[in-house]
> 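First the structure, which I've put down as structure tokens, then a few questions once you've had a look.
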Amino acid sequence: MRFSQFPLNTLKEVPADAEIISHQLMLRAGLIRKLASGLYNWMPLGVRVLHKVEKIIREEMNRAGALELLMPAVQPAELWQESGRWQQYGPELLRVKDRHQREFCVGPTHEEVITDIARRELRSYRQLPVNYYQIQTKFRDEIRPRFGVMRSREFIMKDAYSFHLNEDSMAQTYQVMHDTYSRIFTRLGLEFRAVQADSGNIGGSMSQEFHVLADSGEDAIAFSDGDNYAANVEVAPAGPSNRVRPAAGLAREPVATPDVRTIEQLTSYLKTTADRCLKVLLVEGATGGLVALALRGDHQLSVTKAEKIPGVASPLCMATPEQVLAVTGCEPGFIGPVELNCPLVADHSAAVLGDFVCGANIPDTHLQNVNWGRDTAEPEVADLREVVEGDPSPTGTGTLHIARGIEVGHIFQLGQKYSTAMGAKVVDEQGQEVDMYMGCYGIGVTRVVAAAIEQNNDDKGIIWPDAIAPFQVILIPMNLAKSQRVREESEKLYQEFIQAGLEVLLDDRDARPGVKFADAELIGIPHRIVIGERGLDAGKLEYRHRKSDDNQEVPREEIVQFIKDNSGIS
RNA sequence: CGGGGCAUGGCGCAGUCUGGUAGCGCAUCUGCUUUGGGAGCAGAGGGUCGGCGGUUCGAAUCCGUCUGCCCCGACCA
């Protein structure tokens, strides 16, 4: 490709509404342009990257025996009503009506459609297992789209769905997909980690997420330094504390705490520490009413864990200030377990506190030296909190550390959830009809591009891994206008690279060298060759890798092979 | 959904308080010069100041309303 024929508007200035580095660089390098909130145009340079990611995914999915198909983005409501998700999914599901007032949705995922395909096409256990996949546009009406294509409303996803006669077969394919995903992210040149995860509203049992490690990641993941345990913090178990609750010591006493609502305010006001305070959250119960959840002051509630507590409404819904007032007689900020008029569940670590500080259920008042059993009933105990740095690993070996990650892939064992709901059956060896077992496996293709940038950049711009660079090589001729030799030589080189099957960008613009260097670095082409009068006399070309600060002289006649050897393309 | 902020040329911004001919930098176009790290000079084009309504002799500016976008929050006990 000749740069002169490739309209590319790079920006010197950072667009005002881009927060994270990948979003800024994607806009500055002209990979994407915003159309509306959460909706992005992929410009030619960006599409080249996107296609490379897709190509790697296709190759590895095909190698794993998966079959590519393509399902419509728009799906009839009936299928979602069959699975029960028309009600369940909530406002993230974009619902539309056609001209006949028939209801549809723009698919956020395709379990319903694929299960419909499976129940029509698959009749016999002999046809199983089968794994279908597609690379297709999804729409999720996010509450707050942000970070460019990292959390956009419309995005491209590779989604795969496998069908099985039994659980063993499902587990087997799940493992194959786990390995396939590892191969894919390795080939993409990303630093990633597979972690235990919650299956969310897709449903099912076993599930793992693949995270690209990056400080800007929206998810926190916990991993052990003792073995290879890794999990999303929302699911990593925080088991019973090995501490024993101390015997009640001091007498309980109220203390006036005007306008002291948060744990932070409380600890500074009472000169204590958060791990000696108890916070009580009121949430809606599964059958109406409220349920109290008690945590140590320095711990965070895991919404995922709370939703699994029997008696707690799922999805989790915090009580409104009005509900809190009705039950406790005070506003949020002063809730406590003493004489509390609703069921209470305490986190393991909260249940072993003694002589703790908590709200008094009286406006502007807290209690000191409160003790379970003495001042309250013995609490029901459960795992409610997110793990924190330094917690013991649930496997028993090592300590947990917390890192941030960007979720780029997710694999699930769905079991029979959809096949039972929608009647997707096959006939088994005994001639009996059985509901098929399912697995499902997703990769956020557009998000992968952003994650790759998030992990590979410097102050000058993007540094593409070779596997997904929009071009492998950029040729920068010096003084193109004046030097006939440079012109001829760069043209020749350009043709040679094309012949050799390398993707090459020839910067034939009549621009000053600084402009060309800056653009080459911003758009992140891994291999750069400068063609100037200087080198030509000596029969050398000047090479620099995007990651390097130094030039390297390469003999003219070896350059094509040199790039091939260094770009992983041979 | 709650709170806050913003909306002026393709991008980044000033001007709004205190109403009076719409401005700056970058980008774009033309010409000349320049050509190893985002050039210089000279000129040019491009804006119904988000929409609608109001106040006024006069509105980017004041008032009302709508829309769009961004940020924060939805973990506060």
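All chains are named by letter (A, B, ...) in the order of the sequence lines, taking the proteins before the strands, and each is independently numbered beginning at 1.
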> Select base, sugar-phosphate, or nothing to describe what L11(A) touches, counting heavy atoms under 4.0 Å on all strands.
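It contacts nothing in the nucleic acid.
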> Please report the shortest heavy-atom distance between E521(A) and K460(A), naming the atom on each side.
OE1-CD, 3.4 Å
> Would R48(A) pass as a cation-pi partner of F471(A), given that its NZ or CZ must be under 6.0 Å from the six-membered ring centre and within 45 degrees of the axis?
yes
> Under 4.0 Å between any heavy atoms, over every strand shown, what does R296(A) touch: base, sugar-phosphate, or nothing? Just pick one.
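Since no nucleic acid heavy atom lies under 4.0 Å of R296(A), the category is nothing.
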> If you only use heavy atoms from C-beta on, which nucleotide in rG36(B), rG73(B), rG37(B) is closest to the side chain of M478(A)?
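Nucleotide nearest to M478(A)'s side chain: rG36(B).
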> Please confirm whether the shortest side-chain N or O distance from K12(A) to OP1 or OP2 of rA27(B) is below 4.0 Å.
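Indeed, a polar side-chain atom of K12(A) lies that close.
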> What distance, rounded to whole Å, do you find between the two P atoms, one in rU30(B) and one in rG46(B)?
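Nearest-Å result for rU30(B) against rG46(B) at atom P: 16 Å.
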> How close or far is atom P of rC70(B) from atom CZ of R144(A), stated in whole angstroms?
9 Å
> In whole Å, measure the gap between the P atoms of rA27(B) and rC11(B) for me.
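Approximately 15 Å lies between the P atom of rA27(B) and that of rC11(B).
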> Could you measure between the two C1' atoms, the one in rA22(B) and the one in rA59(B), and give it in whole Å?
13 Å
> Can you tell me if CD on E264(A) sees more than 12 non-hydrogen neighbours from other groups inside 6.0 Å?
no
> Are R95(A) and W86(A) in a cation-pi setup, meaning NZ or CZ lies under 6.0 angstrom from the ring centre and within 45 degrees of the ring axis?
yes
> Under a 3.5 Å cut-off for both distances, is rU55(B) Watson-Crick or wobble paired, and to whom?
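With both distances under 3.5 Å required, rU55(B) matches none.
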> Is there a Watson-Crick or G-U wobble partner for rA14(B) with both distances under 3.5 Å, and if so, which one is it?
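Its partner is none (no Watson-Crick or G-U wobble pair with both distances under 3.5 Å).
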> Do N479(A) and rG36(B) have a side chain to base donor-acceptor pair shorter than 3.5 Å?
no
> Go nucleotide by nucleotide along RNA chain B from the 5' end; which of F334(A) and D17(A) gets its closest nucleotide reached first?
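So the residue in question is D17(A).
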> Between K34(A) and rC70(B), is there a contact of a side-chain N or O with OP1 or OP2 at under 4.0 Å?
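Indeed, a polar side-chain atom of K34(A) lies that close.
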> Which part of the nucleic acid does L295(A) contact within heavy-atom distance under 4.0 Å: base, sugar-phosphate only, or nothing?
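Contact class for L295(A): none.
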> Can a side chain N or O of R512(A) be found less than 4.0 Å away from OP1 or OP2 on rA39(B)?
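Yes.
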> Between R245(A) and E378(A), does the salt bridge (charged side-chain N to carboxylate O under 4.0 Å, His left out) criterion hold? Intermediate values first, please.
CA-CA 12 Å; R245(A) 184 197 299 164; E378(A) 273 301 325; 3.0 Å; yes
> Considering only the P atoms, how many Å lie between rC76(B) and rG10(B), rounded to the nearest integer?
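The answer is 42 Å between these two P atoms.
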> Mind checking the P distance from rC63(B) to rG20(B)? Whole angstroms is fine.
15 Å
> Only pairs with both distances under 3.5 Å count, Watson-Crick or wobble alike; so what is the partner of rG73(B) in this structure?
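The answer is rC1(B), by the H-bond criterion.
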> Could you tell me the Watson-Crick or G-U partner of rG31(B), where both distances fall under 3.5 Å? Say none if there is no partner.
rC41(B)
> Counting only Watson-Crick pairs (N1-N3 plus N6-O4 or O6-N4) and G-U wobbles (N1-O2, O6-N3), all under 3.5 Å, who is the partner of rU61(B)?
none
> Is a donor-acceptor contact shorter than 3.5 angstrom present between the side chain of R528(A) and the base of rG37(B)?
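A donor-acceptor contact between them is present.
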> Rounding to an integer number of angstrom, what distance separates rU35(B) and rC71(B) when you compare their P atoms?
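Comparing P positions in rU35(B) and rC71(B) gives a spacing of 45 Å.
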> To the nearest angstrom, how far is Q300(A) atom CD from rA77(B) atom P?
9 Å
> Can you tell me how far P in rU8(B) sits from the matching atom in rC70(B), rounded to whole Å?
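Going atom to atom, P in each nucleotide, I get 14 Å.
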> Could you work out which one of rU35(B), rA74(B), rA77(B) sits closest to the side chain of I143(A)?
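In terms of side-chain proximity for I143(A), the closest of rU35(B), rA74(B), rA77(B) is rA74(B).
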> Using a cut-off of 4.0 Å on non-hydrogen atoms, how would the nucleic acid contact of G359(A) be classed: base, sugar-phosphate, or nothing?
nothing
> Rounded to the Å, how far apart are R146(A) CZ and rC71(B) C1'?
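Distance, rounded to whole Å: 10 Å.
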> Taking a pair as Watson-Crick or G-U wobble with both distances under 3.5 Å, which nucleotide is matched to rG68(B)?
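rC6(B) - that is the nucleotide pairing with rG68(B), both distances being under 3.5 Å.
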> When the P atoms of rG38(B) and rC26(B) are compared, how many Å lie between them, rounded to an integer?
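The same atom, P, in both gives a distance of 14 Å.
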> For L475(A) and rG36(B), what is the distance between atoms CG and C1' respectively, to the nearest whole Å?
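Atom-to-atom, L475(A) to rG36(B), this comes out as 16 Å.
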> How would you label the contact of N9(A) with the nucleic acid (heavy atoms, under 4.0 Å): base, sugar-phosphate, or nothing?
nothing
> For R28(A), report the nucleic acid contact type (base, sugar-phosphate, nothing); a contact means any heavy atom under 4.0 Å.
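The residue R28(A) makes base contact.
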> Could you let me know what rG47(B) is paired to, Watson-Crick or G-U wobble, both distances under 3.5 Å, or none if it's on its own?
none
> Nearest-nucleotide wise, let me know which of A518(A) and E13(A) is further upstream toward the 5' end of RNA chain B.
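Result: E13(A).
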> Please say which of D275(A), D298(A), D347(A) ends up in a salt bridge (charged side-chain N to carboxylate O under 4.0 Å, His left out) with R385(A).
D347(A)
> Could you tell me how the ring of Y543(A) sits relative to the ring of H527(A): parallel (under 30°), tilted (30 to 60°) or perpendicular (over 60°)?
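Answer is parallel, since the angle falls under 30°.
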> Within this structure, what is the CG-to-C1' distance between L39(A) and rC69(B), rounded to whole angstrom?
13 Å
> When you measure from the side chain of M318(A), which nucleotide among rC13(B), rC69(B), rA74(B) comes out closest?
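The closest nucleotide is rA74(B).
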> In whole angstroms, how far is the P atom of rA77(B) from the CG atom of L344(A)?
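The distance from CG of L344(A) to P of rA77(B) comes to 15 Å, rounded to the nearest Å.
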> Would you classify E19(A) as touching base, sugar-phosphate or nothing, given that sugar-phosphate means primed atoms plus P, OP1 and OP2, and contacts are heavy atoms under 4.0 Å?
sugar-phosphate
> Grab the CZ-P distance between R534(A) and rG37(B) for me, whole Å please.
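Atom CZ in R534(A) sits about 9 Å away from atom P in rG37(B).
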> For F356(A) and W372(A), I'd like to know if the aromatic rings sit close, meaning centre-to-centre distance below 6.0 Å.
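Distance test on ring centres: under 6.0 Å, yes.
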> Measure from CG on D510(A) to C1' on rC29(B) and round the result to the nearest Å.
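Rounded to the whole Å, the gap is 15 Å.
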> For atom CG of D215(A), is the number of surrounding heavy atoms from other residues, nucleotides or ligands below 6.0 Å larger than 12?
no
> Categorize I263(A) for me: base, sugar-phosphate, or nothing, with a 4.0 angstrom heavy-atom threshold over every strand shown.
sugar-phosphate
> With a 4.0 Å cutoff (strictly under), does any side-chain N or O of S37(A) reach OP1 or OP2 of rC70(B)?
yes
> Looking at rG37(B), rA77(B), rG38(B), which one has an atom nearest to any side-chain atom of V515(A)?
rG38(B)
